[in-house]
Amino acid sequence: MINEFLTIAAAFDWISPMLAFIQDYRHGQVSDFGIPASSGWSRRNIKRLLKKHGVPVWGVMLNFRGDTLMFTVPYHQAQAVSDLLLRQGVSILHAPAEVTASPPQPSGSIWP
């Protein structure tokens, strides 16, 4: 009951997304990540982990359903963030295309 109320109340939070939008504009090109909210990693833990490794993070919030924790980092640090999360055992639900892209095939490969 209380979780449903909090989920509905969060839908009316316009300040957090507005601040995230301003920070996106300020940082230029950015990358967004999403991890399971039930992964055991809180907003505070994700912020602390990334800041400890010199990565600015903002826009840390739950999606509307409350099952995904989303956050934004600078574009040029996306691969480092992905590697760091995987080393910590955090499963990544959503990652930027530059991180999830498959490595290039060697020349002469049968793959297109």
Side-chain angles (χ1 to χ4, degrees):
M1 174 80 175
I2 190 75
N3 285 340
E4 292 173 7
F5 172 75
L6 291 174
T7 300
I8 292 170
F12 297 104
D13 175 20
W14 59 271
I15 295 172
S16 298
M18 182 60 70
L19 290 175
F21 178 75
I22 291 169
Q23 289 176 317
D24 287 352
Y25 180 76
R26 194 177 120 232
H27 283 91
Q29 198 169 9
V30 299
S31 297
D32 298 312
F33 283 85
I35 65 170
S38 61
S39 67
W41 286 83
S42 68
R43 295 177 215 190
R44 179 181 293 167
N45 291 341
I46 288 293
K47 282 182 177 180
R48 189 176 296 148
L49 174 69
L50 295 178
K51 286 183 179 185
K52 177 181 169 187
H53 287 87
V55 179
V57 58
W58 64 94
V60 183
M61 62 187 103
L62 292 172
N63 67 344
F64 183 70
R65 291 188 315 233
D67 61 351
T68 303
L69 182 62
M70 304 174 299
F71 57 93
T72 306
V73 298
Y75 174 82
H76 67 277
Q77 292 180 310
Q79 186 63 54
V81 169
S82 177
D83 295 343
L84 177 62
L85 292 174
L86 293 174
R87 276 196 313 271
Q88 295 294 320
V90 180
S91 59
I92 301 172
L93 294 176
H94 307 286
E98 64 270 14
V99 172
T100 58
S102 60
Q105 297 294 328
S107 61
S109 173
I110 61 170
W111 303 105

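This chain uses plain numbering: 1 for the first residue, then up along the sequence. Side chains are part of it too, since the values below use all heavy atoms of this structure and drop only hydrogens, waters and symmetry mates.
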Below 4.5 Å, heavy atoms only, C-beta onward: do Ile46 and Phe71 meet side chain to side chain? yes
Any residue meeting side-chain contact (heavy atoms from CB on, under 4.5 Å) with Lys51, in chain and number order, not counting sequence neighbours: Val57
State, to 0.1 Å, how close His94 and Ile92 come at their nearest heavy-atom pair, and which atoms those are. O-CG2, 3.4 Å
Check for me, please, whether Met61 and Leu93 land in the same ILVMFWY cluster - side-chain distances under 4.5 Å, paths through other members count. no
Residues Gly66 and Ala37: closest non-hydrogen pair is O-CB, 3.5 Å
Applying side-chain hydrogen bond (donor to acceptor under 3.5 Å, both in side chains), name anything that partners Thr68, two or more places apart in sequence or on another chain. none
For Gly54 and Gln77, the nearest pair of non-hydrogen atoms, with its separation, is O-NE2, 3.5 Å
Does Met70 reach the side chain of Asn63, with side-chain heavy atoms less than 4.5 Å apart? yes
Sub-4.5 Å side-chain heavy-atom contact between Ser31 and Pro74: no
Identify, with sequence neighbours excluded, every residue that meets salt bridge (charged side-chain N to carboxylate O under 4.0 Å, His left out) alongside Asp83. none
For Ser39, which residues count as a side-chain contact (heavy atoms from CB on, under 4.5 Å) partner, sequence neighbours excluded? Ile35, Pro36, Trp41
Residues two or more places apart in sequence or in another chain: which of them pass side-chain contact (heavy atoms from CB on, under 4.5 Å) with Leu84? Leu49, Leu50, His53, Arg87, Gln88
Can you tell if the side chain of Leu69 reaches within under 4.5 Å of the side chain of Phe33, non-hydrogen atoms only? no
